[in-house]
Amino acid sequence: KKPNVLIFLMDDVGWNDPGFNGGGAAVGSPTPNMDRLAREGLVLTSFYSTPTCTPTRAAIMTGRLPIRTGLLRPTMYGEKGGLHGETTVARLMSDAGYVTQAIGKWHIGENKESQPHNVGFDDFYGFLSVSDMYTEWRDYHHSPEIVSNPARLDMMNRMEFNKNVVHARKGGDLRNVQEINIPVLQELDRVWNEYGVDFVRQQAKGEKPWFLYYCTRACHFDSYPQDAFRGKTPAKYSYTDCLAEADHALGNLVTALEETGQLENTLILVTSDNGPNMESWPDSGRSLFRNSKGSTWEGGMRVPFVAYWKGMIRPGRVSDGLCDCTDLFTTAARLAEAKLPEDRFIDGIDQTSFLLADDGHSNRREIFYWLMNNFSGIRVGEFKYLVTATEKDPHDSVNPGGLSGSTREYTWGKQFNLYMDPKEEHNYAIRKIEYSSTVNESASEHLKTFLDYPPKVEVTIAHIKFEPWMVPLLRKHLEERKQQKIGPGVHP
Ligand code: CA
């Protein structure tokens with residue numbers, strides 16, 4: 001039997017939140033279940049998401065960077081767009097004989113073509129968008145100007161986005177289960193967990209391998225813990241209580257796997273979809289690194305990661321080898337022996353040997369940082385080279401700038417040593433020119449792929465030198481795009 005794959009994806013959880021990365025008890029929110037998997041599995045300290053929710057989720061689903069799928073930022077309040085024309089890992093695994101289940105947060109497009117049961121999942125139980133959209137306009141403490149104004153409340157109620165917990169099966173229609181208000185939202189991680197545990201138990205009776213894409217509500221703002229968890233963490237904040245809920249949910253899934261004899265045949269991957277959102281503080285996670293959600297500083301994109309597979313991954317491994325969220329697509333497809341699409345560029349790299357071999361090394365040489373449609377930078381080894389990044393607004397005394405700052409181009413680029421300077425404070429590019437050709441070569445190779453595989457959206461590349469041989473190709477490409485009248489192409 002091929003292995004089962006469980007992706008346990010949390011929302012806005014920071015690198016330092018789990019105990020295995022130095023958080024846990026030290027920051028008033030113990031995470032015993034994640035820590036157990038970390039002790040008995042593999043921790044990756046350099047695992048990367050994208051700066052925000054939707055792009056990461058789409059990257060996991062498609063194995064492609066947001067700049068290729070066009071899903072550059074979170075879709076909000078019923079906005080169209082999503083996975084049109086893309087091939088998901090769920091579809092590939094389904095074709096390879098897997099039972100495919102999605103639970104919890106979706107947020108990769110509400111439109112029909114992008115809904116989970118229409119992109120390869122056999123079954124979906126959860127909500128289509130993002131946590132705060134269901135509650136922020138219903139909560140007097142956050143939005144008194146809406147709650148106390150019938151006309152504005154009516155505006156929200158009439159706004160066209162799905163406000164419900166939904167259920168759907170492949171080949172069927174989406175069914176609204178229950179409208180999400182605050183008391184309903186409060187219970188979602190419990191209800192979804194029961195659905196997930198039930199799925200795991202049911203599958204033990206079946207012959208097919210399965211893929212479970214399990215996305216918690218925790219810990220996106222606004223956090224409303226269940227009564228059983230409220231005030232129970234040492235920190236006693238709604239965020240930490242909800243993190244405890246997520247940890248508890250993971251524990252329940254592992255217990256169900258253990259009790260049904262499936263643990264030895266299941267790869268469990270635990271991670272988060274972006275760094276902590278420091279602009280919703282104190283309803284927010286923690287990170288050792290600079291800046292936060294929305295940015296390409298490490299705080300925005302470097303997230304906690306554990307891979308656990310009993311008997312297959314040697315317990316107690318820790319690696320700083322590079323791994324990207326797109327790699328989950330390729331690795332899961334590889335384990336399912338699925339055939340990858342050949343008509344498009346796949347950014348994900350097969351990391352099976354990295355995860356499973358006792359002394360496995362990463363098969364990835366670089367991390368590419370993209371800030372919306374701007375090429376932001378590159379990491380090779382411990383070195384990070386930035387050409388464009390988000391900067392804090394100097395007049396904003398509260399927010400660090402992840403989602404409130406502005407995009408800055410660095411004339412000469414900045415170079416950081418992430419071992420010596422995890423907070424990216426000491427730019428020493430001028431002393432490290434010996435690396436510049438390595439970095440430029442890697443960046444050029446990456447950017448060259450956009451000539452062969454034109455992206456769906458305009459690409460902006462600051463400060464990266466185009467080599468002369470690229471220019472005629474680029475001209476030819478732009479001319480073709482113009483003739484086809486299919487919108488903007490590569491913009492040097
Ligand atoms: Ca998120």
Side-chain angles (χ1 to χ4, degrees), residues 7-18 23 34 47-62 65-66 69 71-77 79 81-82 102-110 116 126-136 185 188-189 192 213-224 238-240 242-243 245-247 249-250 269-287 289 291-305 324-326 328 369-372 390 399-404:
I7 295 179
F8 187 87
L9 183 64
M10 297 178 288
D11 201 351
D12 289 16
V13 166
W15 193 93
N16 274 106
D17 283 340
M34 292 175 214
F47 184 87
Y48 287 83
S49 66
T50 78
T52 53
C53 308
T54 301
T56 296
R57 290 161 197 270
I60 293 172
M61 277 299 123
T62 63
L65 291 172
T69 61
L71 287 158
L72 299 174
R73 62 165 176 82
T75 52
M76 301 305 289
Y77 288 101
E79 274 182 336
I103 295 175
K105 176 180 177 175
W106 180 241
H107 208 191
I108 324 180
E110 283 198 27
F127 60 49
L128 288 173
S129 193
V130 50
S131 195
D132 59 302
M133 269 176 30
Y134 303 106
T135 57
E136 61 190 357
L185 184 112
L188 286 184
D189 270 329
W192 291 348
Y213 175 63
Y214 187 102
C215 302
T216 62
R217 191 222 63 79
C219 298
H220 196 287
F221 71 95
D222 301 294
S223 296
Y224 301 95
S238 55
Y239 178 89
T240 56
C242 283
L243 183 63
E245 282 183 24
D247 185 70
L250 176 64
L269 305 167
V270 180
T271 189
S272 175
D273 69 340
N274 49 254
N277 184 357
M278 294 313 291
E279 290 161 1
S280 58
W281 194 88
D283 193 349
S284 62
R286 284 118 328 169
S287 176
F289 304 111
N291 219 293
S292 53
K293 177 179 180 179
S295 78
T296 52
W297 299 100
E298 295 294 283
M301 290 176 58
R302 201 153 152 193
V303 288
F305 183 89
D324 187 79
C325 58
T326 53
L328 302 189
Y369 300 79
W370 283 88
L371 183 59
M372 302 286 277
T390 310
N399 297 307
L403 291 163
S404 64

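Remember, it's 1-based here, ligands and their atoms both numbered in the order they're listed. Please read all numbers here as calculations on a predicted model, not as lab measurements.
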Chemist: Could you please compute the angle at the Ca ion (ligand 1) from OD1 of Asp273 to OD1 of Asn274, rounded to 10°?
Modeler: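 About 80°, to the nearest ten degrees.
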
Chemist: Strictly by modelled atom types, are Tyr369 and Glu298 linked by a side-chain donor-acceptor pair under 3.5 Å?
Modeler: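 On atom types as modelled, these side chains qualify, holding a pair under 3.5 Å.
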
Chemist: So which of the N, O or S atoms of Asp11 lies nearest the Ca ion (ligand 1)?
Modeler: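 The Asp11 atom nearest to the Ca ion (ligand 1), restricting to N, O or S, is OD1.
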
Chemist: Checking the side chain of Glu279 only, and the main-chain atoms of Gly401 only, is there a donor and an acceptor separated by less than 3.5 Å?
Modeler: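 Yes.
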
Chemist: Under 3.0 Å from the Ca ion (ligand 1) - does any N, O or S atom of Cys53 fall there?
Modeler: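 Yes, since at least one N, O or S atom of Cys53 sits under 3.0 Å from the Ca ion (ligand 1).
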
Chemist: Measure the spacing between CG of Asp11 and OG of Ser223 and express it to the nearest 0.5 Å.
Modeler: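 Going from the CG atom of Asp11 to the OG atom of Ser223 covers 9.5 Å.
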
Chemist: Looking only at heavy atoms, what is the nearest atom pair of Leu128 and Tyr134, with distance?
Modeler: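 So the two residues come closest at N-OH, 3.5 Å.
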
Chemist: Check all N, O or S atoms of Asp12 and name the one closest to the Ca ion (ligand 1).
Modeler: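 In Asp12, the heteroatom (N, O or S) nearest the Ca ion (ligand 1) is OD1.
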
Chemist: Has Asn277 got an N/O/S atom less than 3.0 Å from the Ca ion (ligand 1)?
Modeler: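 It does not: Asn277 brings no N, O or S atom closer than 3.0 Å to the Ca ion (ligand 1).
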
Chemist: Give me the one residue out of Arg217, Arg286, Lys293, Lys105 that meets salt bridge (charged side-chain N to carboxylate O under 4.0 Å, His left out) with Asp12.
Modeler: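 With Asp12 as partner, salt bridge (charged side-chain N to carboxylate O under 4.0 Å, His left out) holds for just one option, Lys293.
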
